[in-house]
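Remember, it's a predicted structure, so these values are computed and weren't measured experimentally. The chains referred to below are lettered A, B, ... by the order of the sequence lines, with proteins before strands, and numbering in each begins at 1.
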Amino acid sequence: MSITLNEAVELVTLEADLLDHGDFTQWLSLYTEDGLYIVPIDPDTEDFEDILNYAYDNAEMRAKRVQRLLGGRAISAAPPARTIRLLARYRMLDTDETTCTLRCAQMLTELRQGRERYYAANVTFDLVRTETGLKIGRKVVRLLTSTEALTAVSYIL
Amino acid sequence: MTTLPDPRSLVNADYADGSIYSNPDLYDMEMDRIFMHNWIWVAHRSDIPEAGSFITTFVGPHPVVVTRDRKGDVHVMLNRCRHRGATVCENKRGKAASFVCPYHGWAYGLDGALRGVPFQDGYSGQLDKAKYPLVSLRVEEYNGLIFATFDADIMPLDAWLGRAKPWIDLFMKQGAGWPVKTMGEHKFTFPGNWKIQLENTTDAYHFPIVHKSFLDSVDGETQNTFDFVEGEGYVEDLGHGHSVMVMIPELVDLEADLDAPIPERFQELAEGLSKDYPPEQVRRIVRAVGGSGFNLNLFPNLACSMAFFRVLRPLSVTETEIRHIAIGMDGGPKLGNDMRLRLHEHFQGPMGFGSPDDAEAWDRVQRGSLAGRDIAILLNRGLGHEARREDGNLFSDVSAETGMRAAYRQWLAAMTDVTAACSKNEEESMA
């Protein structure tokens, strides 16, 4: 049976909740070993490897990013910004028994040092069914403002 | 009319008043006296590789179009139609045969010449198109770096860069024999004055403090490489506000010491390259991919910073845009360029492991410096053991504020006497 919209939404909602509540260690376990977390600059590209992105994280870089958020040694993340994100407008672009592609909208509000900032993004998830349940094989966060000047984002989108 | 602030009362040889980061009148003076009367970096040669290529950018607050015309000449022109002032181009980059104002259709060539005016009969023969090209700035280029200025009288770029030129040449060795090309950019703003950023690329002192989290994320060998504050490096005043901060002396000349062992983090790259290149070329590429061991600060808006270009643009007295432009080998191996991109993403930009912490520090300088009145910002680190080389350059240890003092000396010269800052007379007297 193909991966259902409900299964997919359950996983990405869990991810959003973990990130907003600072449970980064559990967040790491949501990805496959060869999974990628990508925040591109170019809104049109699908070739992320040969182009500059904001983030292009494999498992090693994700673990380092989490260490940076939890370690208390990064002044821009000590403590990390507080975030609340809402995911909506889910659409299953493709699904079969073992993989699916889910696209949704993400509206994120950040609060740090008295400043609220907002980031809207289209997020595309490639999910994979594994022996230990549904995992994220790739998450691509296409910020609406990716080609504009951003401000420091010391957290995970 | 308000009285203009006196820059001499705000900046001294080894300290500055905190208000230099927040005085709006001073900022207006800077936009005029510094950004309209110095050479301002606008593009790298590879940004406009062929006839018809263009980018849009800024010289201070002034929007400009940078083009390459059919003859290969580079033009930097105000992005402003001569009719009613609308911008003629809103694309960031691309290729074009002409620029047509969207308002009334005035059309300009790649060199800015006014080519076409719709319904020209309405001017009854009184519009001489030759008199209304896009307003061109003076443009000069050195080793791929393209600069422009509003000022027809300042010294040629070659003389302005002066003793910084050999360092530009060294920086461009990151092409490993191929031309250097830009490979995208991280662009972000921080709520603070542009001079806070100007200081930062010549500030080695902050590195082990601000970048603890970055250093935690790299291997022990790389940590040692970046453990330079008490090392053999130095900061040197190159004149005209330019300075170089050598953090890793063994990486000043990337084509020297090709027999040096390849660091652990580049082993995989070296193995991959070995399939296509002979050993010496592999070593040359690997050294180039790792980047230069120095930051070259070019007053006022460009730094050739280890492995990328840092470009600052003042947006207001309390807001600054920073671009970290990635560079690579034009025609070089994909493996090497991809690794450069990953290294750039690791440290730079709004989501890197380095830049957000820098931005936090700058943000705090802006807010903290508003506290109290008449309290100095110190610029005296390394002054006690500062010395002069035979060629006249002042230098001190790597964590010295020699580069900041150099920049503020030029700042003061430009702010108090434009012609004294960089006049043709000075060029003649130097010759």
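Checked by atom type and distance alone, the side chain of B:Ser355 pairs as donor or acceptor with a backbone atom of B:Gly349 at under 3.5 Å. Without hydrogens or angle criteria, B:Thr320 side chain to B:Gly192 main chain gives a donor-acceptor distance under 3.5 Å.
Per-residue heavy-atom pair counts under 4.5 Å with chain B were compared for A:Leu150, A:Val153, A:Thr151, and the maximum is reached by A:Leu150. Residue with the most contacts toward chain B among A:Thr147, A:Val39, A:Asn53, A:Ile41: A:Asn53 (heavy-atom pairs, distance under 4.5 Å). Each of B:Lys212, B:Glu345, B:Gln348 has some count of heavy-atom pairs under 4.5 Å with chain A, and the biggest count is that of B:Glu345. Between chain B and the options A:Arg65, A:Arg68, A:Gln113, heavy-atom pairs under 4.5 Å are most frequent for A:Arg68.
In this structure, the portion of B:Glu321 lying under 4.5 Å from any heavy atom of chain A is its side chain and not its backbone. Contact annotation for B:Asp216: only side-chain heavy atoms (C-beta onward) come within less than 4.5 Å of a heavy atom of chain A. Contact annotation for B:Phe353: both backbone and side-chain heavy atoms come within less than 4.5 Å of a heavy atom of chain A. Looking at B:Arg323, there are no atoms closer than 4.5 Å to chain A (heavy atoms on both sides), in backbone or side chain. Of the two parts of A:Ile51, only the backbone, made up of N, CA, C and O, holds a non-hydrogen atom closer than 4.5 Å to a non-hydrogen atom of chain B. Residue contact with chain B, scored on non-hydrogen atoms closer than 4.5 Å, involves the backbone and the side chain of A:Glu148 alike. No part of B:Arg340 comes within reach of chain A, as not one of its non-hydrogen atoms sits under 4.5 angstrom from that chain. Using a 4.5 Å cut-off between heavy atoms, A:Gln67 does not touch chain B at all. If you measure heavy-atom distances from B:Thr189 to chain A, the contacts under 4.5 Å come from both the backbone and the side chain.
A salt bridge links A:Asp20 with A:Arg85: the distance from a Lys NZ or Arg NE/NH1/NH2 to an Asp or Glu carboxylate oxygen falls below 4.0 Å. Remark: A:Arg115 engages B:Asp363 in a salt bridge, criterion side-chain N to carboxylate O under 4.0 Å. A salt bridge does not link B:Lys92 to B:Glu185: none of the charged nitrogens lies less than 4.0 Å from a carboxylate oxygen.
Judged by the 6.0 Å distance and 45° axis criteria, B:Arg342 is positioned over the aromatic ring of A:Tyr56.
No more than 12 heavy atoms of other residues, nucleotides or ligands sit less than 6.0 Å from atom CE of A:Met107.
Note: A:Tyr37 and A:Tyr31 fail the aromatic proximity criterion, with ring centroids not under 6.0 Å apart. Aromatic ring centres of B:Phe347 and B:His211 lie closer together than 6.0 Å.
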